[in-house]
Amino acid sequence: MAYEIRIKDNQETIEILNKKGSLLEVAIGDRNYKLDIVEVEKGVYSVLLDGDSFNIELIPVENKKYTVNTLYHSFDVDIIDAEARYMMSRKSAEDDDQSTISTPMPGKVVRILVEEGQKVKAGETVIVVSAMKMESEYKAANDKTVKQVLVKEGDNIDGNQPLVIFE
Amino acid sequence: MAYEIRIKDNQETIEILNKKGSLLEVAIGDRNYKLDIVEVEKGVYSVLLDGDSFNIELIPVENKKYTVNTLYHSFDVDIIDAEARYMMSRKSAEDDDQSTISTPMPGKVVRILVEEGQKVKAGETVIVVSAMKMESEYKAANDKTVKQVLVKEGDNIDGNQPLVIFE
Amino acid sequence: MIKKILVANRGEIAIRVMRTCREMGIKSVAVYSEADRSSMHVRYADEAYCIGPAPSNESYLVIDNIIDAAKRCHADAIHPGYGFLSENAGFADRCEQEGIIFIGPSSHAINTMGDKITARQKMLGAGVPVVPGTSEPIQEIDKAIKVIKEIGLPVMVKASAGGGGKGMRLIHEESEIEPGIKAAQSEALAAFGNDAVYIEKYINSPHHIEFQVLADKHGNCIHLFERECSVQRRHQKVVEETPSPIMTPEVRKEMGAHAVAAARAVNYASAGTIEFIVDDNLNYYFLEMNTRLQVEHPITERVVGVDLVKEQINIANNLPLRYKQEDLKQNGHAIEVRIYAEDPDNNFMPSPGKVMHITEPLGLGVRHDGYVYEGYTIPMFYDPMISKLIVWAPTRKEAVERMKRALYAYKITGIKTSIPFLSRVMNTPAFVEGRYNTHFIQDNQQYLEPKDDASQKIRDVAAITAFVDYISKIESKTRVSSNGSSVSNWKAFGRKKSLNRL
Amino acid sequence: MIKKILVANRGEIAIRVMRTCREMGIKSVAVYSEADRSSMHVRYADEAYCIGPAPSNESYLVIDNIIDAAKRCHADAIHPGYGFLSENAGFADRCEQEGIIFIGPSSHAINTMGDKITARQKMLGAGVPVVPGTSEPIQEIDKAIKVIKEIGLPVMVKASAGGGGKGMRLIHEESEIEPGIKAAQSEALAAFGNDAVYIEKYINSPHHIEFQVLADKHGNCIHLFERECSVQRRHQKVVEETPSPIMTPEVRKEMGAHAVAAARAVNYASAGTIEFIVDDNLNYYFLEMNTRLQVEHPITERVVGVDLVKEQINIANNLPLRYKQEDLKQNGHAIEVRIYAEDPDNNFMPSPGKVMHITEPLGLGVRHDGYVYEGYTIPMFYDPMISKLIVWAPTRKEAVERMKRALYAYKITGIKTSIPFLSRVMNTPAFVEGRYNTHFIQDNQQYLEPKDDASQKIRDVAAITAFVDYISKIESKTRVSSNGSSVSNWKAFGRKKSLNRL
């Protein structure tokens, strides 16, 4: 049960020390909390801590990743178990910068400005995607060479789908 | 695929003749319908038939039983497959009138007016249950003898839970 | 000034009070029973404290527990909502002793108006018309018979300490007098521990019309016009509207002045309601004063444009009223309906349970005050009211049309609700035409009972939809087990296939 | 009289129009693209017909398909909503040819007001103040330079056929004149197929104030006062309110009279909006007329108490207006915010996707006009606006407080929305004090950008909740596989255990 949790850039150990119904005692880093946590709707928790009432909304991004919305803030939270630690160590070794271009939301490819094998400069627009009557340009972060273009103009695309791969 | 369906007191055959995406051709009794049926929310369907738009809400009661709400009406619908037909034939043979008392909703037992072995007359109050600040009396439908009382005063009960069984 | 308010209530009214707190920059504190841990008022509040087990007499009615919670969180004030402790003079006193502001009138006002006979005497003194009847509690049968003969039949015998229809008997004929009084006395004793009864002339087919008042601690008192509450089922209001369809400007002015006089007679200082019974000729009589916020206060808020909870808090803060009588006018027409978790097609049987799905009515002129949400289980311990729908329109006719539209769009599944019944009320000619009194429901059974008028087509659509759901669940199970995917063709709408081929 | 209306639109405005149809006893017909089969307007309507594939130019903009649907269902009339075909004179003409009532002004009015230069000439003729500038299209650079020197810098060059910010160039200095005009011309040509431009004096830091008008076919025309629409991002309105915080009764009266004169100049007969730009000294100039219902029409409805869609339908039915100018007054204060599916913390990137969960704001003084529901996937093909929140209160200060409260309670998860940004607008001093113009957003970046001010405690609560969810899912999987039950202890709230022990 050796878990760590990352929120913003902070990574700390987390452990449930005790639970009784909805009452929990949790240690995170060097802090201890006694909370009353109830899932009231799917993905929505009511949390009471020292009398304060919080409504917490969870949006699972992947298996161990959440976007967590509180009243005034939104956090990305990663749960890190042994498997995740292994994956992270591999990933950070093999690629440390942007090697693919994708969009955060679904849309439609309007224009592709590069071809396979083409060299692009940092800041050069690679692809233009439209969603909800707005066009967004996606640019290369560094000087690169285009390895593969996975879509064509007019294609409908999903969010986070790889569109262009660099070498 | 020999299904029948019962709505109100009518029981008829039902068959899906054809489907293509959300478009269906269905025969019920001697009527044929071409419909466009989409589940838009969990348990809520949008149905288009000859241009008319219906919002249909389904509340599963049991595996093969639904309460179906349309705009102005509410129906109980039973799906009858081979298994259901067998169960029905058994049931109608063995007991044809009320042999247990239960409530449609959860509540709390306020008073029990009978004991095991006691004879009760039709219309006699057997048990009083309270829910939401209202008390409801449950009466015997016929002259009966009490076989078993399954709850005691003050008990919290679920909906449809057997409370009193007659011989 | 008040910085933190504990709301000693649950359900829609707790949330309604907290909304105003939030607008005023005041922290709100919820208290909850163990059955209400996941209730919306706990989620909406800034803080929340458990005050005991599910039954109200072990939680929401336990003064000590509520005071404890208030002290623990350093609340400056307590708002009691309606019901529970809202008209408990002992609670108001206790708050004062503990140095916590009770957002409501003084215990003196609650006590005086809480006892029907004392209230009646006060009103007589203040020149407010009361129903002809006894001005002192009666325990002897002989005296009762004499009084009844003076007043003339029919009469109503009522428990002096009563309310909510308990300890009441209607007497039409002389032979009913003795058994009627005895029955009322024994019910009163059982319900309130006091067998004193009093006797009033019975007004046949009356209207129930009430006036909203606001009074501050500086001697200012105004009324916010009337609410017509004659649509009642078993003495419970079902539909309320303002203005009353039978009111005239002259009577309104006179009743308003009497309502203010009634409040002044008990040095009232908060929001309160003077209930009158009114006959077809607009003769009106003081019935009782509710020394708290009413369930139906939103229709007044909509038509007069005043936030009554905000005014209550301002009054509790010793501020003078910010409105004068001449500032106020009735603008357009508002109607409220109360949505209950009950089965109108099965003798209004309570229907607690889990809410599967809600579609709330929205749009122009619609206010919705509720507290249930999808996945919420309505507990069986409390009042079955789950929400209130309030509509406004420039005219009464349009308000009725808007209410029909709002009820049309309002869907709650998983539990039975009174929505179908309320729709039928809105389609009943006597209601549409504004010709109704407190006998409305019994007089209009033919319009209010469910009709079995479904066409073959709608029945077939219902049956087919259920069948499609059933089959798609079977297919989706099969598909999951065969290839591990749970995507069902049946749900694959919005794909590239042309949907308009048929 | 109109008995059936086809609503040639989607989203919140389609539903908003259908709500009024339902109140008036008129059948409503939805049309939908293949991407909108499960959209709320299809579900809400009495009838629904598919009019083509997802892209608007293959469905909602195809006049033939819409006319076909209208004929198929025998609709008497078509309501175009806003956007799409609502200001398309050809569509209005086509409806007339087909014997279908177009619920909107005549094609003559649409055409005249649709061309900026013609409109400008009409307004000059009607005595309505216009921004100093050219009254004829300009194609030659030399002439443009001469005109600009007469008017004085700064000036705005605009496409004659334009709108929505396309083909516009602001020129501050002489050196920018030639490249500015050329750029505007080439953009105008690309966007509208017409490179004519005109030149106007540029009003620095202007306010955008518009007047709602209603005119019938019997020569009656009234205005319903102003809307302040200066909070704009990239020429898109974000927040609107009425009354305008800078308006005076004298200027309101004068502008209202000019708005009526503007509508009369084109024989207008429907609901319409006259947009003005206004400088800090309340000098005002006609900007354009929108010959349709506006997105922000609900704030006028709330403050004036008129259902604008109902009036549009009545006018289309040849009824005379039921209000006279002197019947109307502004009552209290209303604010509208537009909720977009976009990420305000990431350059307002569009955020289509599936709505997981919605909690709608309710209660006193809150109107919510939306169309998304839980489980609905917002398509990427259309405008990102998902709903409008409208609040009312007696005073502007209270309206701002109420809007904060409503935004606090409004939760949509699954997609990103502009709600956090709108909350920050409500907390920006210049907005709270009503001192703002169209530069509000650029002038108040320090208040409008997201803040990283979360406490350690709130971060820990967020992390713990995510962790608890993760662990409970693992445990619930384990439990299902070991004993077949999916009941999780973690969800076992409301049980008999005392919850207040800690």
Side-chain angles (χ1 to χ4, degrees), chain A residues 3 5-8 10 12 14 16 19-26 28-29 31 33-45 47 49 52 54-60 63-64 66-75 77 79 104-108 130-134 136 156 159, chain D residues 54-56 340-343 345-353 356-357 359 378-384 408 411 413-416 420 423 450-454 456-472 488-495 497-502:
Chain A
Y3 285 100
I5 196 152
R6 187 165 53 206
I7 181 164
K8 304 247 165 183
N10 247 9
E12 294 187 287
I14 186 164
I16 295 177
K19 67 172 174 162
K20 195 167 203 167
S22 64
L23 301 181
L24 272 90
E25 204 177 330
V26 181
I28 178 165
R31 280 105 48 216
Y33 292 96
K34 289 179 174 178
L35 314 93
D36 180 349
I37 302 194
V38 170
E39 186 174 16
V40 286
E41 302 179 68
K42 200 169 152 27
V44 182
Y45 283 80
V47 179
L49 169 59
D52 289 339
F54 301 92
N55 246 319
I56 310 277
E57 299 170 326
L58 302 181
I59 305 156
N63 181 20
K64 293 165 196 163
Y66 290 90
T67 298
V68 182
N69 293 333
T70 64
L71 177 50
Y72 295 111
H73 299 97
S74 185
F75 304 101
V77 174
I79 316 274
M105 76 289 176
K108 185 173 186 167
S130 116
M132 298 183 141
K133 307 199 315 190
M134 263 188 68
S136 309
N156 289 325
Chain D
S56 338
Y340 288 97
E342 63 188 14
D343 183 356
D345 300 348
N346 184 12
N347 200 27
F348 297 89
M349 182 82 80
S351 175
M356 307 287 285
H357 184 77
T359 305
I378 298 176
M380 60 168 217
F381 300 98
Y382 313 109
D383 190 275
Y408 165 82
K411 312 277 180 201
T413 62
I415 55 167
K416 303 271 186 180
S423 290
K451 281 182 198 52
D452 184 16
D453 58 354
Q456 179 79 61
K457 184 171 167 179
I458 188 74
R459 281 162 51 152
D460 285 350
V461 168
I464 290 169
T465 308
F467 185 63
V468 164
D469 186 77
Y470 175 74
I471 295 290
S472 82
S488 164
N489 273 335
W490 297 82
K491 296 180 187 175
F493 56 84
R495 298 234 173 122
K497 277 178 202 135
S498 172
L499 290 168
N500 60 344
R501 211 169 294 149
L502 273 188

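Remember, predicted model here, so these are calculated numbers, not experimental data. Within every chain, numbering begins at 1; the chains are lettered A, B, ... in the order of the sequence lines, protein sequences first and strands thereafter.
- Both the backbone and the side chain of D:Thr465 come within contact range of chain A, with heavy atoms under 4.5 Å apart.
- Using a 4.5 Å heavy-atom cutoff, the side chains of A:Tyr33 and D:Val461 are not in contact.
- Your options are A:Lys42, A:Lys8, A:Glu57, and the one with the most heavy-atom pairs under 4.5 Å with chain D is A:Glu57.
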Discussion item. Quick one, A:Leu24 with A:Lys34, criterion side-chain contact (heavy atoms from CB on, under 4.5 Å). Give me CA distance, side-chain angles, the key distance, then yes/no.
Written reply: CA-CA 6 Å; A:Leu24 272 90; A:Lys34 289 179 174 178; over 6 Å; no
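- Comment: A:Lys20 does not engage A:Glu25 in a salt bridge, judged by the lack of any side-chain N to carboxylate O separation of less than 4.0 angstrom.
- Looking only at atom types and distance, the side chain of A:Glu41 has a donor-acceptor partner in the side chain of D:His357 under 3.5 Å away.
- Remark: side-chain polar atoms of A:Tyr45 are not paired, donor with acceptor, to backbone N or O of A:Phe54 under 3.5 angstrom.
- Looking at D:Pro450, there are no atoms closer than 4.5 Å to chain A (heavy atoms on both sides), in backbone or side chain.
- In this structure, chain A has heavy atoms under 4.5 Å from both the backbone and the side chain of D:Asp453.
- The NZ atom of D:Lys416 sits 7.0 Å away from atom CG of A:Asn69, with the distance rounded to the nearest 0.5 Å.
- Both the backbone and the side chain of D:Tyr470 come within contact range of chain A, judged by heavy atoms closer than 4.5 Å.
- When heavy atoms are compared at a cutoff of 4.5 Å, A:Asn55 does not approach chain D at all.
- The residue among D:Thr359, D:Asp469, D:Ile458 with the most heavy atom pairs within less than 4.5 Å of chain A is D:Asp469.
- In this structure, the portions of D:Lys457 lying under 4.5 Å from any heavy atom of chain A include both its backbone and its side chain.
- In this structure, chain A has no heavy atom under 4.5 Å from any part of D:Tyr340.
- Using modelled atom types and a 3.5 Å distance limit, the side chains of D:Ser351 and D:Asp343 yield no donor-acceptor pair.
- For D:Pro384, the parts lying under 4.5 angstrom from a heavy atom of chain A are both the backbone and the side chain.
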